[in-house]
Each structure stands twice: as structure tokens, then as C-alpha cells.
**Student:** 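Quick one: this structure, given as C-alpha cells, is what I'll be asking you about.
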Amino acid sequence: MKKIKFRTCSVFLLVLLLMAGIGIFIFKMFTSGGQWVVFPSNGNVFQNGRLSVGTVIDRDGVTLAKISEGKVTYAEDEAVRRSTLHIVGDYEGNVAGGALSIFRKELTGYDFINGVYSYSGSGGEVRLSVSSELNRAAYSALSGRNGAVCVMNYETGEILCMVSSPNFDPENPPLISEDDTSGVYINRAIGASYTPGSVYKLVTLTAAVEKIDDLFERNFHCDGTMELGDGTIVCTAAHGDMKIEDALAKSCNCVFASLAIELGGDIMAEYAEKMGFTDGFYIDGYKTADGRFDIGEEGSANLGWSGAGQFNDLISPISMLRYCAAIANSGTAPGITMLKNGKGSNERVISQSTAEKLGDMMNYCVYLTYGKDNFPFDDVCAKSGTAEVGGGAKPHSWFTGFVRDEDYPIAFTVVIENGGWGFSQAGAAASDVLYAVKEYFDC
Amino acid sequence: MDFTKVKEFILGLWDSIISAGLLSDTVIFISRLLLPVLGIIILYRCAGSLFGYRREKEVWGYLALPNGAKIELNHWENIVGRAMSSDVCMEYPSVSRTHGAIIREPDGNWRIYNLGGKMGITVRGKKLNTVTTIRNGDIINFGGVDTVFMKDTEHDILEDNSERKSPVGTLVLLTLFMSILCSDLCLSMAESGTIIFAFSSLALLMWGSYLITRVLDREAFELETIVFFLCAIGFSVVASSRPQALYKEIICMVAGVAVYWILGWFLRELKRAKACRWYIAGFGVVLLILNLFMSESIFGAKNWLSIGSFSFQPSEFIKICFVFAGAATLDRMFAKRNLILFVLYAGLCVGGLAIMSDFGTALVFFAAYLVIAFMRSGSFAAVILSAGGAVLAAFLAVLAKPYIAQRFATWGNAWADPNGTGYQQTRAMAACASGGLLGLGAGRGWLKRIFAADTDMVFAFVCEELGLIIAVLAVVAIVIIALTAIGSASESRSTFYVIAACASGTILLVQVMLNVFGSLDMLPFTGVTFPFVSNGGSSLIACWGLVSFIKACDTRPSASFAVKSGFKVKKKRSRNEEN
């Protein structure tokens, strides 16, 4: 009988195999359960391949979208519905990168312990970091013009406001033909890239601050034009003699073109990449649009123009916002998130001293060019851009910057497509948005 | 006082609570927390009672050695030899490693077998060739070492002085478990009458079984409790997916319990069981042949047999016959002829099932065959050879049946083709994750809309509605049953019981493995049922039969109805001696 006792180990082996398998499955379910749940055939939370539960609310609890019984109820206010169209997304799934598609797991209310169970069966709640109030203000600041407005808290990385135009009312979606070219479904803040124009001078300036030792001692001179190899760099006026901070404040193309030539194409490209302008990055798992920086021939006008944000330069509004946030945040770009109390991964892009110098010079721009009184905050640092797009179209209008104030850790970027002058158009819209932000923060 | 108004008000309130779903939401909220806790306590109590109990060894006789040592014979079948694995270990160089066997026949007489000890055995001075009967006080010489055999005549009845816990508490908890499941289901399903009837029948059957156990003066009810626990989960699955099938389940449940009692009673007499085992094995062959030639193909595998409006799967019952054919007493284990016959029998069963395209069941049989072969021969080589042969056979099967090759190809890649080859597995995984640890509530799942959810994907079904904890508890329940079979080996009276119990345990374990891991894409998908939980009558009855083999191993004093108590044995023996 003792022999038989030993031989029962064969059955025990099966017991061990079974328990090991169960252990592996539990581990798999723990790590991948979230992906399994959002399988569109999962009838617990999907109907005909569409999510059937979940609520999206803004940072203050205002309902932006609520799914139940196969349809979505959006926010009550039309301006809120339109302004949050791209960040919330539409039920049909035409708008990419909206909360309804990227936060599907959260909308099902999934967690390992409860699965998709919820007491009333209404699924999960996704609280975005965006304020519907600020979005409505930004929407009205754009006043129907195409473009994008985004505002973030540069300490936490939370996006406080993000509006893309053109948009539509998801409650009454218009008929949009398949060969539509307006790109109404694209969230221009994160999913599109524009010629940056003068806002890109911040990048050239960063490279110069770090690579050219006597930058701040130098005297620059501008005659209004500058011949470079095969072409000419043109300024809005002959700016005369100036230091580097005046060159930025007056947005002198000649000075920045000559800096680009001096630094060389490789260093310019290196900085474009290092500052996060060429490759898109991830916001809550969703990839933003790539930018572009082509290296012009050494000494050519193309290289010169690329240092002033022209030539083939393209950047997404969100990448410029991220860079401004990095300057404001002592050189560290905060991990950007669309979720309240969300967390992205921080990345140091420039040193603290460079960040301080850049901040001071951007502050000088406001002091000298844009006018402190145009803004509700004492210490605004900003840069405008007027990006020539050729073909007789009006230039894209940019305005980007941040508020240097512990109580208002705000970075902002406004782009208006074919809007005209940077400060007069985008800058005015940014000013409206900043007034709304101040009001929002103060109450 | 106007009572009708009060009544109207209360009824109206009740209606509004029901229609708002408040009541069912609250009941589900509470029960999904309660059920796992109850499940854990029930299984813990059963396992504690099964394994925590310090079994005192039964003593059937003694062998006195020249050095004065008196070695107990704890089993009906005892090997004498020099090897440490012998039951009577004699460390003398002239004694062979496996020298002889002293075996108590079912009628109470003792025999000694020569198992090939080199220096031979002499009994009462006469050289032993193969076997002879021995009596109390006989001098037996093992390879020159004299021993005295003594029958235990006085105290082979063990006083049951342990404080065994009554199973009533556990049964009350299990009844509570059933009623919670029942009320959950009634709130989420329309067929509440059927459901209440089914669960009441289940509870009645459980208490009835316990009553019979008590009437027979037996106490242990752990295995039955565990099975009823599994059946409660199974009933919940059937109630949620196909409530009208509950009536069939109840009938099969009654039949299963009947098979359990009859088979258990049958196994009490080792002599009878031994004598009948080839008839039973033959019956298995008849079933197999019937199955091969008269069955119809339902859902791919050709293994259903219809008699009138009643259809069943004979392959489920062949399992019981197979266990009978495989079990052997110690004296038979050393005869090669018996093993060869069994190998042929196993080949017939596995081959027949493969022809029917029921590869899942064929695999279950093959695993049981491997375990039986190893337990009987103790040879790793034999097992490895068989496994090698099986791989070859499987390869041929893959060549012959392209759909099997396809199942192997998709194994592990279910998500690559979620609406094609990975259709069932991906949905099973999504359902598991949706249920989380605590489940969505009985009757509230979605997986039931998928084909074969209540049979082949039942683990995911349970996981979704009752939660991962209860699904894993169902697996643990089967593991406890299998461990009981393993644990019985050290006390059991005959290898016949141990091999039968271990083979049954293996069948249950392998079925669980194929069912769970197949549906979750961790093994190729085969349509095998989860014992007691999957919807299916034949499987339910057969699994009850398998458990009775394990019950027959429980030699704790006055525990198992399938084991004669020492008291009765003694009475019978004294009668024998009088004669």
C-alpha cells in the first residue's frame, strides 16, 4: 500500500498543474482584464458594437455626455456641447481621440474587483480636467474662426480648456459628406500641425541661449532685409541696433535667421526634436500629431527661415503649449492629461537657468510689445506668431505663453487659422480666455 | 380604519420599488458580497473536516519479527519486503525488496502471496509457490527470517473518540447559499416559479441524503456537501441560461444521487466489486459500440444517443466502466496479463471516442489511463511510452481532421481573430473580466447568449455572473475531491479502492482543466463539461458515480456509507469463526 501511496503523486501533479493554470489566468485577468472588457462584442457594456454605459463630466461635475440605452445625452448648453465636441467625442466614433473612445475602459466602470458592476448599472464616470465654463469662453473667443485654444495647469499637467474649431453640435449633427475637407472631426489642438511662424523663435532662442556664450552681450543689427545665399530674409521693418531680448520682442526675422545660420541645421534639428516638436507624444495613451523640421542647406535662406518658424516648419498647438509649460515649470514639461487628477510622465527638456532666461525675455515681450494692461495678470510671459502660409492666404495667427504666478499656474496657446496678425487676432482671443481663467480661478 | 387603502398603498409602494429596480439592485449588491464569503466558509469547513481529522490507522493484524518488533498490518493488502516503500519493512539482506504480500480477503480470511522474493517464503515449514491461506499464529519465513502472523481479534474496531464536527452547520450555510442564489435569479429572471422549485428540490435532496446517511449511522457528508455546492452553482447557470432545462436537471440530479448510493453500496463488498468489474467493463464496450453505430452528431461531436425523446451521452457513463476496468487489487497488480488487458481496453475507449470526434473526452480517458497505468505499474517508462504513442496518434488525428489542426493553430491567439476562430474564447475572457472578483449577479450576465456558454464556457459564465472568487472556488471544490482521493491512499484497505478513487479524481481534474483552460485560450478549445456545474444530465449522473469511488475510500470510523464499519466486519468475522 505504501507503493500506491507514492504513486498517487501522479494525481497530485495534475492538481498542481490545475492550480498553476488558475494562478496564471488570474494574473492574466489582473493585467489584461481592462482590455478584455472593452472588446466591442462584450454585451455587458456594448450594444451593437457601441458603448452602452458611462458618463463624461467636466472638472466641476457638469455632465458633458451620458450614455444610456443606446444613445448619448450631451451637455445642456449648446456652446458647451460644441466646444467640448472634440474632447468628448461623438457616439458615432467619427471624432478621434475623444473621451468616449480613449476612456472606454473607464466609462465601463471596470476595475479588477467589481468588473463592470455598478449599483445602478450606469457604468463608470470619467471626470475630465477640462472646465466646461472655460471651454465656452474659449469657444466664444474664437468667434467662429477656425483654430484651436488650449489652456493647461503647468504644475499638474491638467488640460483646463481645449477647443477646436470648426465643430458642430453633437445633439444635432449636420450632414457631413465623406469628401468634406474642412476637417471638422479633427481636434486641431492635438491632431493638427501648423506653420508656427514667430512662436518658433522660442526654439531657436533656446538653442542660442545654450550654445552661444556671448548671446546676451551681443549687439544685433537689422536693416529690414538680409541676403542669404539663394534668397532674402525680410522683416516687417528695419529694427536697427538691439540686444537679443529686443530682437525677440520685436520678432526680428533677420536676427533669428542669422542665429539659425550660426547654429547650423543639425543643432536646429536637434533642438526641434529635443523640445518635443517633431514627434507626437502621448496624452492618456492617445498620440498627438507629429510636427516637422526640415534642415535647410547650410547658409541658405531656407535654413534662416526655418529659424523663424517658416520654410517647412510645422508644429502642433499642443506641442507649443507643452513647451511653454516647460519654460514656466523651470524646464520640466509636465505630463499632460485630460483627466482630473490624472498623471502623465514629466520630462525635463531644458535647464532651469535657460527656462528662467526664456521666461524673462517672454515677459519683456509683453512689457515692450503686447502691453501688460491687455492681460488680467501682472506677470504674463508670451510670444506671438504670424505664420505666412503662401498662396495669397492670410497668415495663421499664434499667441502662446504662460502666467508667472503661483496662484495661477497657467500656460496657454491660441492658433487662429488664416487669422492675420499674431497679437491682434490670437493675442486678443488669448486675452479674453485669460480673463475667463482669472474669473474661474477666483471664484 | 380602511385596510384596503393601506393594502393598496403597500402594494403600490412595492410595485414602485420593483419597477425602479431598487429591490433587485440592493439584493444583488448584498448577495454578491455574501455569496463568496459563504462559499469560502463552506469549502473551508468541508476541507477542514476532511483533512484536519487525524485518522487513526485501522489495525487488521500483526507480524512479529525475530527482534521482538510487532508490526501492524494497517491495510487489507500489505507488501512485505526490504524496500522502504513496503508496508512491512524487514531490513535483512536475505529479504528481497518486494518479497511477498499478506492480503486479507473480503471474507476475513488471510492469504499470503509470493511476489518473487529470491530466497522464497515458507509457511508452516512448507515452501510457498504462489499463494496460500494463513491462520492466526502461523510462522512465516521470509528469506530465512522467521515471523509470526497474528490476526487482530480484539480491537480492530476503532473507537471513534475524535470530536468530529457535525456537518449540519455547513449544510445550513449551503442552504443559505442556495436561497441567496435563488432569490437573485428570481429577481432577474422571469421564470421565478421554476427556479424556486428547482432550488427547493436541490435543498430537499441534500437534506434527504444527509438524513439517509444518519439513518445508516454514518456521519461524514463532506464530499456530498462539496458536490451539492457545485450543483448549486450549476443550477444557477442553468436557471440563468435555460430555465426550462431545470426540470431535466432535477431529474438527473435525483438519478445521480441514486447512482451514487447504489454504486457506493456496491463497492462496499470488495469481492463483489472485483467479480463484477469485467462485466461492467464489458457493458462499457457495449455502450461504446452502441454509441459508435447508433449515435447522432450534435454540435460537431458524434456522441449523442437518442432513445425516444430522451437523448444522452453514453461516453459519460463509459467513464465509470473505465474506472472499474482500471482498478485492481494488490495481488492482481503484479500480474502482467491484467495490465495488458487494461491497455487494450483503454485503447478501445480512446480510439472509439476519437472516431466519434469527441477528442476532449478521449483526452480525459487518456489522462485517466496514464494515471491508472502508473499506479499499477509504478513505471515512468511505461507512462512516457504511452504518452509518446498518444502524441503520434494525436498527430495522425490532426492530419485526418483539419479542424483540429485549426484549433491548435488558433490556440493562444484568440484575440487575433475575435470574430472567427477566437469567437468563443474572446467572449469568455471579456465575460470573465466583466464579472471581476464578485460578479454581476446571478442571471445578469450576457455570455449566456453565446452558444455553449452554459457547458463548454461555463467557467467564464460563472465568473461573469458570480465572480472570479466563486468560479475559482468551484475549481477548488474539485481539487478538494481529488485530494481526498489522494489522501485515502495511506489508510485505504485495498489498492482497488485507491486506484479507482485516483482515476475518478483524475477524470474530474482533467475535465476541469480542459473546460477552464480551453475556454480561456490557455489550451486548445475542446468541448468538455465542468463536473456538476455545466448544464448536462449525462455528465451530472456520471460525475456522481465517479465521486462514489472516492467515497468508498473514506475509511474513517463510521464515516462513509460505502465502507463497512469495523463493527459490522467484526460481527461477520466472529460468525465466520463460529462456523
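Proteins get letters first, then strands, A, B, ... in listed order; numbering begins at 1 in each.
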**Student:** A side-chain contact here means heavy atoms from C-beta on lying under 4.5 Å apart; do B:Asn419 and A:Ser41 qualify?
**Tutor:** yes
**Student:** Could you check whether atom NZ of A:Lys287 has more than 12 heavy atoms from other residues, nucleotides or ligands sitting under 6.0 Å from it?
**Tutor:** yes
**Student:** Kindly indicate whether the side chain of A:Arg7, heavy atoms from C-beta on, has any atom under 4.5 Å from the side chain of B:Ile499.
**Tutor:** no
**Student:** Can you confirm whether A:Lys28 sits close enough to B:Leu520 that some side-chain heavy atom of one is under 4.5 Å from a side-chain heavy atom of the other?
**Tutor:** no
**Student:** To the closest 0.5 Å, what do you measure between CH2 (A:Trp36) and CZ (B:Arg427)?
**Tutor:** 15.0 Å
**Student:** Where along residues 500-509 of chain B does a heavy atom come under 4.5 Å of chain A, listed by residue number?
**Tutor:** B:Cys502, B:Thr506, B:Leu509
**Student:** With a 4.5 Å heavy-atom cut-off (strictly below), which parts of residues 105-113 of chain A touch chain B? List them by number.
**Tutor:** A:Tyr110, A:Phe112, A:Ile113
**Student:** For the residue pair A:Phe39 and B:Trp415, categorise the inter-ring angle as parallel (less than 30°), tilted (30 to 60°) or perpendicular (more than 60°).
**Tutor:** perpendicular
**Student:** Check B:Met375 against A:Ser10 and note the closest heavy-atom contact, atom names and distance.
**Tutor:** CG-OG, 4.2 Å
**Student:** Can you find a heavy atom in the side chain of A:Met19 that is under 4.5 Å from one in the side chain of B:Val476?
**Tutor:** yes
**Student:** So what's closer than 4.5 Å to chain A heavy atoms on B:Leu447: side chain, backbone, both or neither?
**Tutor:** neither
**Student:** Heavy atoms, side chains only, cut-off 4.5 Å: are A:Val45 and B:Trp446 in contact?
**Tutor:** no
